[in-house]
Novice: 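Just passing along the structure, written as structure tokens.
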Amino acid sequence: MAAAFDIGLIVLLVGIGAWMIVVRDVVVATIIFVVFGLLMAIAWVRLSAVDVALTEAAIGSGITGTLLLGAAARLKGADAGGTRLSFPITVVAAVLCAMISASLAAVALLLTYPAPTLAPMAMQNLDQTGLGNPVAAVLFAYRALDTLLEKVVLLLALVGVWSLAPDRAWRGVPSLDTTVPPSDILAFFAQILPPFGIVFAIYMTWTGASNPGGAFQGGTVLAVMWLLVMMAGVMRAPSISNVWLRWLLVAGPALFLIVGFTGVFIADGFLAYPPAYAKALIVAVEAALAVSIAATLGLLAAGPPERMQQK
Amino acid sequence: MTTATLFGLCSSALVGLGLFGVIVDPHPLRKILAFNLLGSGVFLLFGVVARRGAAAGLGGDPVPQALVITGIVVAFAATALAVALVLRLFEPEAGNAVESEATSAGLEVDGGRS
């Protein structure tokens with residue numbers, strides 16, 4: 001039964017993936033991509049990775065879908081076709097890609113048991129972090145440096161997106177309202193959903209310490225709520241030179257860095273926590289990160305500023 | 001065949017499909033979509049490795065799982081940057097603006113002074 005479900009899911013995933021590649025219309029391809037992301041989330045649950053499933057559903061499908069749908073709608077008029085490859089080259093590419101698939105499949109089939117694993121070590125040291133969720137412990141304690149650098153990558157990506165603003169719109173606001181026509185139903189949902197979304201995001205960030213969830217997932221839900229109210233025109237998009245906004249963007253990484261350097265003096269080293277305060281410090285960092293992630297992801301999806309703020 | 005092996009085969013198919021799309025599809029936005037498909041395949045392979053490392057009462061090795069979470073977020077950031085670049089590239093007046101600036105400066109593109 002379980003195997004039949006898995007096989008069905010895999011056939012769907014591969015079939016939908018192939019459909020996305022061959023379908024002609026860009027908007028249709030993007031919608032297929034969103035569906036694909038949701039199916040991927042189910043695949044992650046089947047692989048016992050609930051934290052990843054939540055991330056995939058929120059980021060991989062939800063916010064990436066919003067971003068790509070907006071872009072597809074705006075590119076509709078533009079002639080972004082480019083030239084198609086000739087048939088023989090396409091066939092050669094298909095054969096080479098099939099070979100790569102075949103070799104990866106061989107690797108997947110030939111992997112030996114017992115598999116190498118760090119799970120016992122992660123569980124052994126879990127007490128010292130005060131956390132109950134081993135994935136959160138990896139993200140914020142064992143491999144905290146990765147998480148810190150990832151936040152910096154997010155900020156760099158945002159700087160990259162902003163730097164694409166035309167000169168006249170620098171210090172302006174991203175225009176979200178041109179991609180989505182204002183409609184009553186959207187404004188209605190933008191007023192009803194955010195209270196629930198915000199409570200859910202706070203819960204997700206809080207419970208991430210001991211259950212699946214965490215700052216990434218919570219922050220993404222917050223970002224989606226923010227995008228929703230901006231798209232519906234309930235709240236204006238902020239000017240990118242807003243001082244508060246910039247503080248929100250750096251608050252999470254900054255607190256993470258401060259806590260990291262404090263670790264040099266009160267614990268074993270950079271990004272180490274004293275066991276007695278580990279959980280409190282990690283939850284504080286997660287809370288600040290959730291806010292920063294929400295601001296960064298929301299602005300990344302909103303795109304570069306395009307016009308000056310109307311006074 | 002175990003769940004992990006089945007999804008391993010799935011991930012290899014997705015990587016191939018995604019790579020094919022990146023190479024063959026001329027539309028830049030579709031290239032980004034295909035690249036995300038390729039990325040999903042790679043992430044899934046990580047998930048398979050994590051699932052195989054199930055031990056100590058956990059359903060999977062938490063280390064690759066955490067890496068995938070980081071990867072998904074970074075993939076989104078890269079996608080957002082790529083989409084912004086594509087939109088700027090195909091903006092109706094973008095090309096003209098650069099051209100007209102260049103002509104008004106006597107075909108001399110002087111970024112520092114203008």
Side-chain angles (χ1 to χ4, degrees), chain A residues 6 10 13-14 17-18 20-21 26 29 33 40 44 46-49 51-52 55-56 59-60 64 67 71-72 74-75 78 80-85 90 93-94 97-98 100-101 104-105 108 115 117-120 122-123 134-135 138-139 143 146 150 153-154 157 160-161 164 216 300 303-304, chain B residues 3 5-17 19-21 23-30 33-34 36-37 40 44-45 47-48 50-63 65-66 68-70 72-74 76-81 83-88 90 92:
Chain A
D6 286 341
I10 287 165
L13 276 172
V14 176
M20 188 181 95
I21 298 296
V26 184
F33 177 76
M40 274 294 285
W44 285 114
R46 289 296 303 152
L47 288 169
S48 311
D51 292 84
V52 186
T55 315
E56 177 76 43
I59 300 180
T64 311
L67 171 79
R74 292 178 66 167
L75 273 185
T83 46
R84 287 204 163 269
L85 293 175
T90 308
C97 291
I100 285 176
S101 276
L104 275 176
T117 177
L118 290 169
M123 289 308 275
V135 177
V138 174
L139 284 172
R143 301 291 314 165
D146 291 352
E150 176 210 357
V153 168
L154 278 183
V161 168
L164 294 168
F216 295 92
L300 276 173
Chain B
T3 306
T5 317
L6 280 173
F7 279 102
L9 295 177
C10 177
S11 77
S12 52
L14 292 178
V15 168
L17 275 172
L19 191 60
F20 178 71
I23 295 171
V24 168
D25 223 311
H27 194 290
L29 208 57
R30 309 262 313 246
L33 279 173
N36 269 293
L37 191 68
S40 291
L44 203 56
L45 204 56
V48 168
R51 181 78 186 93
R52 295 177 76 255
L58 294 176
D61 188 348
V63 177
Q65 289 182 359
V68 169
I69 293 180
T70 307
I72 290 175
V73 178
V74 171
F76 169 73
T79 306
L81 185 56
V83 165
L85 279 167
V86 168
L87 286 179
R88 189 85 174 97
F90 291 99

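We use all heavy atoms of the structure for the numbers below, so side chains are in, but hydrogens, waters and symmetry mates are not. Every chain is numbered from 1 and lettered A, B, ... according to where its sequence line falls, protein lines coming before strand lines.
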Novice: Report the option among B:Ala34, B:Gly21, B:Ser40, B:Ala78 that has the most heavy-atom pairs separated by less than 4.5 Å from atoms of chain A.
Specialist: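 Most heavy-atom pairs under 4.5 Å with chain A: B:Ser40.
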Novice: Given the options B:Gly16, B:Gly8, B:Ser11, which has more heavy-atom pairs under 4.5 Å with chain A than any of the others?
Specialist: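 Result: the option with the highest number of such pairs is B:Gly16.
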Novice: Would you say that A:Ile10 contacts B:Leu9 through its side chain, given a criterion of any heavy-atom pair below 4.5 Å between the two side chains?
Specialist: no
Novice: Can you find a heavy atom in the side chain of A:Thr55 that is under 4.5 Å from one in the side chain of A:Trp44?
Specialist: no
Novice: I'd like to know which of A:Val161, A:Leu139, A:Leu164, A:Val153 tops the heavy-atom pair count under 4.5 Å against chain B.
Specialist: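 That would be A:Leu164.
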Novice: Do A:Ile21 and B:Val24 have side chains that get closer than 4.5 Å, going by heavy atoms?
Specialist: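 Counting from C-beta outward, A:Ile21 and B:Val24 never come under 4.5 Å.
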Novice: Tell me, please, which residues at least two apart from B:Thr79 pass side-chain hydrogen bond (donor to acceptor under 3.5 Å, both in side chains).
Specialist: B:Asn36
Novice: Do the side chains of B:Phe7 and A:Arg46 get nearer than 4.5 Å, heavy atoms only?
Specialist: yes
Novice: Check each atom of B:Leu85 against the heavy atoms of chain A and say whether the ones under 4.5 Å are side chain, backbone, both or neither.
Specialist: both
Novice: Between B:Thr70 and A:Arg143, is any pair of side-chain heavy atoms under 4.5 Å apart?
Specialist: no
Novice: Heavy-atom distances under 4.5 Å only: say whether B:Leu14 touches chain A with side chain, backbone, both or neither.
Specialist: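 For B:Leu14, side-chain heavy atoms alone lie under 4.5 Å from chain A.
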Novice: Is B:Val83 in contact with chain A via its backbone, its side chain, both, or neither, using a 4.5 Å heavy-atom distance?
Specialist: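 Contact with chain A involves the side chain of B:Val83 alone.
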Novice: Which answer fits A:Met20, side chain, backbone, both or neither, if we ask what part of it has an atom under 4.5 Å from a heavy atom of chain B?
Specialist: both
Novice: As an exercise, state the distance from CG of B:Asp61 to CZ of B:Arg51, rounded to the nearest 0.5 Å.
Specialist: 11.5 Å
Novice: Under 4.5 Å, counting heavy-atom pairs only, tell me which of B:Val15, B:Thr5, B:Val86, B:Leu44 racks up the most with chain A.
Specialist: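 The answer is B:Leu44.
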Novice: Would you name the heavy atoms of B:Leu29 and A:Leu75 that are closest together and state the gap between them?
Specialist: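 For B:Leu29 versus A:Leu75, the nearest heavy atoms are CD2-CD1, 4.0 Å.
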Novice: Which answer fits B:Leu19, side chain, backbone, both or neither, if we ask what part of it has an atom under 4.5 Å from a heavy atom of chain A?
Specialist: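 It is both, since atoms from each part get that close.
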Novice: Can you tell if the side chain of A:Leu67 reaches within under 4.5 Å of the side chain of B:Phe76, non-hydrogen atoms only?
Specialist: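 Answer yes - side chains close enough.
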Novice: Please classify the contact of A:Ile100 with chain B as side chain, backbone, both or neither, using a heavy-atom distance under 4.5 Å.
Specialist: side chain
Novice: With a 4.5 Å cut-off on heavy-atom pairs, point out which of B:Pro62, B:Ala84, B:Gly60, B:Ala50 contacts chain A the most.
Specialist: B:Pro62
Novice: If I measure from the heavy atoms of chain A, does B:Ala13 come under 4.5 Å with its side chain, its backbone, both, or neither?
Specialist: both
Novice: If you tally heavy-atom pairs under 4.5 Å against chain B, which of A:Gly303, A:Gly60, A:Ala49, A:Ala98 wins?
Specialist: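 Highest number of heavy-atom pairs under 4.5 Å: A:Ala49.
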Novice: What residues form a salt bridge (charged side-chain N to carboxylate O under 4.0 Å, His left out) with B:Arg30, not counting sequence neighbours?
Specialist: B:Asp25
Novice: Quick check for you: among A:Cys97, A:Gly160, A:Ala157, A:Ala105, which has the greatest number of heavy-atom pairs under 4.5 Å with chain B?
Specialist: A:Cys97
Novice: Report which part of A:Pro304 has an atom under 4.5 Å of a heavy atom belonging to chain B: side chain, backbone, both, or neither.
Specialist: side chain
